[in-house]
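See below for the structure under consideration.
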Amino acid sequence: MLGATASPHLSPPYLYSNPYSFQDRKQFLIKLQKCKSIKQAAPIHAHIIKNGNKNDPFILFELLRVCSRSCSIEYASKIFRKTSNPNVFLYTAFIDVFISSGAYSDGIRTYFQMVRDFILPDNYIIPLVLKACGSALDLNSGEQIHCQAMKLGLCSDRFVRLKLVELYGKCGEFSDAKRMFDEMPQRDVVASTVMISCYLDHGLVRKAMDEFWLVSTKDNVCWTAMIDGLARNGEMNMALELFREMQMEGVKPNEVTIVCVLSACAQLGALELGKWVHSYVEKYNIEVNHIVGSALVNMYSRCGDIDEAASLFEDLEARDVTTYNSMIVGYALNGKSTEAIKIFQRLIRDGIKPTSITFSAVLNACSHGGLVDIGFDIFESMKTEYGIERRIEHYGCMVDLLGRVGRLQEAYDFIQRANIAPDNIIWGSLLSACRIHKNFELGERVAKILMEYGAADSGTYILLSNVYASLGKFKEAAQVRAKLREEGVQKEPGCSSIEVKNEIHEFLLGDIRHPEREAIYNKLKELDDMLKSEDYAPETDVISQDIEEHEKKWALSIHSERLAICYGLISTKPCTTIRVVKSLRVCNDCHSVIKLISKITQRRIVVRDRNRFHHFENGVCSCGDYW
DNA sequence: CTAGGGTTAG
């Protein structure tokens, strides 16, 4: 490899003629086992070659293991290509390099190559490649390997079975998965966890739960898988409930559990519970590695406590690019554009390589802050300075940025000029800008482009119908709504939630399920009357046109965020901040009303919508009325 | 003399 073998006087004629070689060989093996990266291994490798051990299969095996740890496919391929007659061990190690780098199909291909070369698979390599088939959702290869395992009599092996369950489960073949699972001699917690995770991956929450309760000794991984899966399926409250139950059962959460629970808190905006989890981390000495650190920063910023997020970020011992990303996203979400850019600059100064996500975050911050020039500088630098491919979401940020400051025609030209095919999100954001800046001519042009797409989501349709409504073109607005219905695009129900005394209360449009509904609606009425004296006129144009005007007003005032705020007003102490999380974007009318409510009640109201935070204080919103 | 469970943030 390094050309050292060319000089015969450097290599002994026989492999172990050097009396020190045996000793050296053992040392090499030990040293390689300790290597975390190929960089650390390179000098040892050079030494190995000089010493004449370079064809030793055990040494080669350890070298390939190092490649696995540092995802060095190229280095591994070079080594492997030079081995003559690789055995099943070397194949296993080599394939593992592909799989741990995420190159599943290359791993699977190499396995079939091995079989063609008449090397018999063993009970180690079969589970390895089955795992790859599962991860790549390659059912076809998986079934072939299943057959081979049967012919070789390996199907009774516990690990083979585990991976068969995983393969079929991940591919959604639940009857096969269940059969593999049930045929296992004793159902163990690991196999159950695999089944549960697979159900949850496919949204089968009920089935996962049933299986979960059947596990007699649930360990923390099993609990974690269930908690995380619930959160991923939008069952945030159930996830947190299970977390409490886990502790009552005396099962100690690990780092992963903490990360999953923090993520659920972040999504829910459950600040109090998030804080509690944070104190739990400190109390039980759970290691704040960079993943836990990022999750904490993320939780605080998504719960609207950006100051706490920032001070935590400063105190972290382990920071990597994702930690920085979380902080940038946090500042952007909370409307602190300059701070976001400062973190970005610090990241660069600290010599960390930014990722595609870093740029989405920082460009998003520029867009929220209307920082056009800085935004374009950073956008340009992506390719020229950092060699990162600019993707559709980055172009989207730029369109957003131009749109926000009202440079609509430029935004349109930018889309036309971009060497990337615009999607409906990009057109949608321009459409939204046209509506806010009341450029209906361009708005309609964009609307027509969007209609041609056909594949628009419910948000796009609603935006479109709102533009028509604003133009007074009610017939077209109605047509869009009709099209929405006829194409079966589900309008996602808006849901707002508020955390009061460690409990999350959820409200839908016009919700009357809450036990304190009467007090809530009384408050709503009371505020409504006060608003009248504040010269407030509802913006009913955002409501579909097939209902009466007075009904429209009512439809607006029972928007979920108002119900949540009213509940906050009656259930929390005066002067405390009210924090509400909404699943959709805040509508224009609610935005103006909440501004007024913050003024009338002298409360700080923090609303997180689908895209960002609105910090309302004394009649003003941090978003500057553009979102 | 070589090796293998299930659950992590944006």
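Lettering of chains follows the sequences in order, A, B, ..., and the numbering in each one begins at 1.
- Of the candidate nucleotides B/dG10, B/dT7, B/dA3, B/dG10 has the atom nearest to the side chain of A/Asn298.
- Rounded to whole Å, atom C1' of B/dG4 lies 14 Å from atom CD1 of A/Ile95.
- Using a 4.0 Å heavy-atom cutoff across all strands shown, A/Asn123 reaches at least one base atom of the nucleic acid.
- Considering only side-chain N and O atoms, A/Arg319 lies nowhere under 4.0 angstrom from the phosphate OP1 or OP2 of B/dA9.
- Using a 4.0 Å heavy-atom cutoff across all strands shown, A/Val194 reaches sugar-phosphate atoms only and no base atom.
- Residue A/Asp24 contributes atom CG, which lies 21 Å from atom P of B/dC1 at whole-angstrom precision.
- Put simply, A/Phe58 rests on the base of B/dC1: the two rings are less than 5.5 Å apart at their centres and nearly parallel, under 30°.
- For an aromatic pair to be called close, the ring centres must be under 6.0 Å apart, and A/Tyr91 with A/Phe80 satisfies this.
- For A/His290, whose side chain is taken as the heavy atoms from C-beta onward, the closest listed nucleotide among B/dG5, B/dG4, B/dA9 is B/dA9.
- Nucleic acid contact for A/Arg65: sugar-phosphate only, since backbone atoms but no base atoms lie under 4.0 Å from a heavy atom of the residue.
- Between B/dG10, B/dA9, B/dT7, one nucleotide has an atom nearer to the side chain of A/Thr224 than all others, and that is B/dT7.
- As judged by a 4.0 angstrom heavy-atom cut-off over every strand, A/Asp157 is placed among the base-contacting residues.
- In this structure, CG of A/Asn611 is placed 16 Å from P of B/dG10, rounded to the nearest angstrom.
- The listed nucleotides are B/dG10, B/dT8, B/dG6; the one nearest the side chain of A/Ile291 is B/dT8.
- A/Phe89 qualifies as a stacking partner of the B/dT2 base, centre to centre under 5.5 Å and near-parallel within 30°.
- Counting to the nearest Å, the C1' atom of B/dT8 and the CD atom of A/Gln267 are 13 Å from each other.
- Neither OP1 nor OP2 of B/dG5 sits under 4.0 Å from any side-chain N or O of A/Lys131.
- When distances are taken from the side chain of A/Asp228 to each of B/dG6, B/dA3, B/dT7, the shortest belongs to B/dT7.
- Here the C1' atom of nucleotide B/dG5 and the OH atom of A/Tyr124 are 13 Å apart, to the nearest Å.
- Here the side chains of A/Asp106 and A/Arg109 are in contact, with some heavy-atom distance below 4.5 Å.
- The side chain of A/Phe159 approaches B/dG5 more closely than any other nucleotide in the set B/dG10, B/dG5, B/dT8.
- In this structure, A/Tyr386 and A/Phe359 have tilted ring planes: the angle between them lies in the 30° to 60° band.
- Applying the 90° cutoff around 0 to the glycosidic angle, B/dG5 is assigned syn.
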Inset, instruction - Might you work through the side-chain contact (heavy atoms from CB on, under 4.5 Å) test for A/Met238 and A/Ile227, ending with a clear yes or no? - result: CA-CA 8 Å; A/Met238 240 201 266; A/Ile227 290 170; over 6 Å; no
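- With a 6.0 Å radius and a threshold of 12 heavy atoms from other residues, nucleotides or ligands, A/Lys252 has its NZ atom above the threshold.
- Atom CD of A/Glu317 has 12 or fewer heavy atoms from other residues, nucleotides or ligands within 6.0 Å.
- Atom-to-atom, CZ of A/Arg69 to P of B/dG4 comes out at 10 Å; the value is rounded to the nearest Å.
- Between A/Asp56 and A/Arg25 there is a salt bridge, since a side-chain N of the basic residue sits under 4.0 Å from a carboxylate O of the acidic one.
- Residue contacts shown for A/Asp188 are absent, as no nucleic acid heavy atom lies under 4.0 Å away.
- Here B/dG6 presents its C1' atom at 16 Å from CH2 of A/Trp223, a figure rounded to the nearest Å.
- The side chain of A/Ala225 has B/dT7 as its nearest neighbour among B/dT7, B/dG6, B/dT2.
- Across the protein-nucleic acid pair, A/Phe313 atom CZ and B/dA9 atom C1' stand 14 Å apart, rounded to whole Å.
- Side-chain N/O atoms of A/Thr322 and base N/O atoms of B/dA9 include a donor-acceptor pair closer than 3.5 Å.
- Among the heavy atoms of the strands lying under 4.0 Å from A/Ser197 are primed sugar atoms or P, OP1, OP2 only; no base atom is included.
- The base of B/dG5 sits with one of its N or O atoms less than 3.5 Å from a complementary donor or acceptor on the side chain of A/Arg158.
- Using a 4.0 Å heavy-atom criterion, one finds that A/Val189 contacts the bases of the nucleic acid, with or without backbone contacts as well.
- When distances run from any side-chain atom of A/Arg232 to the nucleotides B/dT8, B/dG5, B/dG6, the shortest one goes to B/dT8.
- Residue A/Val259 places its side chain closer to B/dT8 than to any other of B/dT7, B/dG10, B/dT8.
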